[in-house]
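A quick write-up on the structure given underneath.
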Number of protein chains: 2
Amino acid sequence: MATIKEVAKYANVSVATVSRVINKKGYVQKETQTKVEEAIKALNYRPNNVARSLFKKQSKMIGYIVPDITNPFFPQLVRAVEDVTVAQGYTTFLCNSDDNLEKELMYLNKMAENYIDGVIIVSNHMNENHLANLQIPVVALDRVFHESIPSVTIDNYREAKRAVMHLVENGCEKIAHISGPENIINSQLRKKAYQDVMMALDRPMYISEGHYQMKTAQEATFRLLHEHKDIDAIFTGNDVMAVGALKACTKLGIKVPNELQIIGFDGIEWTETVSPEITTIAQPIYEMGKKAATMLLNRINGNEEGQDHIVFPTELKMRETTKH
Amino acid sequence: MATIKEVAKYANVSVATVSRVINKKGYVQKETQTKVEEAIKALNYRPNNVARSLFKKQSKMIGYIVPDITNPFFPQLVRAVEDVTVAQGYTTFLCNSDDNLEKELMYLNKMAENYIDGVIIVSNHMNENHLANLQIPVVALDRVFHESIPSVTIDNYREAKRAVMHLVENGCEKIAHISGPENIINSQLRKKAYQDVMMALDRPMYISEGHYQMKTAQEATFRLLHEHKDIDAIFTGNDVMAVGALKACTKLGIKVPNELQIIGFDGIEWTETVSPEITTIAQPIYEMGKKAATMLLNRINGNEEGQDHIVFPTELKMRETTKH
DNA sequence: CTGTTAGCGCTTTCAT
DNA sequence: ATGAAAGCGCTAACAG
């Protein structure tokens, strides 16, 4: 790799001049510019971003921490973020936290050590204290950390209510819920929405924990249907579990949606790969990622309009596991 | 962020000494070491990796280029790579190329500019010439670029033959193939395997292009079954398309596997989310990622045992879309 | 318009 | 065992 010095020597100018032409900053005569450009080409020179970062204390890189890249919810988010940041000359850095606070903190440190310009975080454990020492702009995705940290979310409670109400309006009488992990706030909100609706309508509740996973949800469904054969609808805390519930029904020979209706939550692609396709509350995943990235870039560039807490609307995708 | 200088001043030693203790390199008295450690703690100091990279010309970061992170094949790979590299103190850098050579090259450049220590590439377009100027160690995943570039792959041709033979052994007579894109070598190999087996057995061929996508494969299946009602088996070029084929059958009311058998290729999770679960040729995705990462790390550390071309065996996962 | 120079934060000889 | 100093490649005053 050629350095700026070598280019300067080759073009018979100073390094400052070379710097000026590569950054298109400051005056430089047409003629010398051409000379420099030729030198750059001849030497196949590319500016070294490490040296640049060291000086500028910023790297043109943005980080991205997610709990589990194998969760089909995330790739789309990642994609969205990449699409907007790359367009502005940033490179993204993806990290997997295993939903583990220590790893999240470790990565945050690594990022700080590398002058990462900003970071988007999806985390179930982080709060504002963890971010306090950090100098880096952050935006929270999928969950609110604290008033002071901008976020992009949906209203889990309200939208979950909508899911349950869809079942109610479809005439379901015995509605069950497969819930997500206890320690994940969004999963709790969705559960609470179910409980509140059932309570208000004076309906019986049937809840079983499915850990946000397909297999576990399948087992939870078996248990539920074994104990209560008259259950005629299931609201699952996410789409992955809806797939599990559907599989359970298929295995038990229960006709969906005629004998039992299912509605999921999230809007991931899995809902469209299975038959029947799963009705779900779809988050505008791509849009949310885009918005988060835009807000982050705004904060990085000092525009304070990156301070908000954006709550996106969802869309009820009526598909084949519920009647219309 | 505190710097090494501040730590030195605080501890009343030189920066050299501080450097020695943070790197555990060179002699330093127990006593001074303690002093320095206390200073580090007091100032909450973390070494700046950018400065370090600039000097060492390496960053402890490794890059990862994939065509499309939303393809369910990749997250697992990413995970595997992360698992081994993080354990060795590396941070990984994920990039999405959109299966587009220009973007791949752009990222490669960015990586070089950041003193990335090595890169794992999954690409359908890259060849050794693109990598020639690059000083960075590379390992190719999923495809062989060139003899000189270490790779981790499977034998697409042989394993695809195995898939087709499974159908033949199951008594299928009219076997169709939904093929992947023309310009992807692996997809061509899988198609050729199908053709060669059919040729050898003197069977008729039914081929339709499914572009590696679910929707397209579904349509391809409709076309195929419309024209040839007696098709009793389909081998698809990947699992995503197997899901599409299965959906088509479900919609047409064709019983799988009784009236028609399906076998996919890859071993992604989707094959287990649908009902019936799809029989497939499973690549040891996680293992392949791990191996690639290990080879890369070896090359980075100058161990020449990172030079090989590893071909992994696959596993025929007999599930519910074929008879046993 | 162009060149000289200090310094970003760190590591590593080379002295002592 | 420790410190002084050069330098990694770049940018941005500051001179001229």
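Chain naming here is simple, since letters A, B, ... match the order of the sequence lines and numbering starts at 1 in each. Values in this document were obtained by computation on a predicted structure and should not be read as measured data.
Of the N and O atoms on the side chains of B:Ser148 and B:Glu128, not one donor lies less than 3.5 Å from an acceptor on the other residue. The closest side-chain donor-acceptor pair between A:Asn156 and A:Asn186 falls under 3.5 angstrom. In this model, no donor atom of one side chain and acceptor atom of the other lie less than 3.5 Å apart for B:Asn96 and B:Tyr107.
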Under 3.5 Å, which N/O atoms of the protein pair with N/O atoms of nucleotides 7-9 of chain C?
{"unit_1": "C:dC8", "atom_1": "O3'", "unit_2": "A:Lys57", "atom_2": "NZ", "d": "2.8"}
{"unit_1": "C:dG9", "atom_1": "OP1", "unit_2": "A:Lys57", "atom_2": "NZ", "d": "2.5"}
{"unit_1": "C:dG9", "atom_1": "N2", "unit_2": "B:Ala51", "atom_2": "O", "d": "3.3"}

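Going from atom OH of B:Tyr64 over to atom CD of B:Glu82 covers 10.0 Å, rounded to the nearest 0.5 Å.
Nucleic acid contact class of B:Ser53 (heavy atoms, under 4.0 Å, all strands): none.
Between B:Asn114 atom CG and D:dC8 atom C1' there is a gap of 15 Å when expressed in whole angstrom units. Rounded to an integer number of Å, the gap from B:Asn49 CG to C:dT11 C1' is 13 Å. Distance A:Tyr27 OH to D:dC14 C1': 16 Å, rounded to the nearest Å. Per the geometry, CD belonging to B:Gln58 stands 14 Å off P belonging to D:dG9, to the nearest Å. When the C1' atom of D:dG3 is taken as reference, atom NZ of B:Lys9 falls 16 Å away, rounded to whole Å.
Crowding of B:Lys103 atom NZ: a count of heavy atoms from other residues, nucleotides or ligands under 6.0 Å exceeding 12. Shown here is B:Gln188, whose CD atom has more than 12 heavy atoms of other residues, nucleotides or ligands within 6.0 Å.
For D:dA1, the OP1/OP2 oxygens have no side-chain nitrogen or oxygen of B:Thr32 closer than 4.0 Å.
Among pairs with a residue in residues 53-68 of chain B, those fulfilling salt bridge (charged side-chain N to carboxylate O under 4.0 Å, His left out) read A:Arg79-B:Asp68, at least two apart in sequence or across chains.
Here the rule is side-chain contact (heavy atoms from CB on, under 4.5 Å) with B:Val122, and of B:Leu141, B:Val152, B:Ile65 only B:Leu141 fits it.
Within residues 16-25 of chain B, the residues having any heavy atom under 4.0 Å from DNA chain D are, by residue number, B:Ala16, B:Thr17, B:Arg20.
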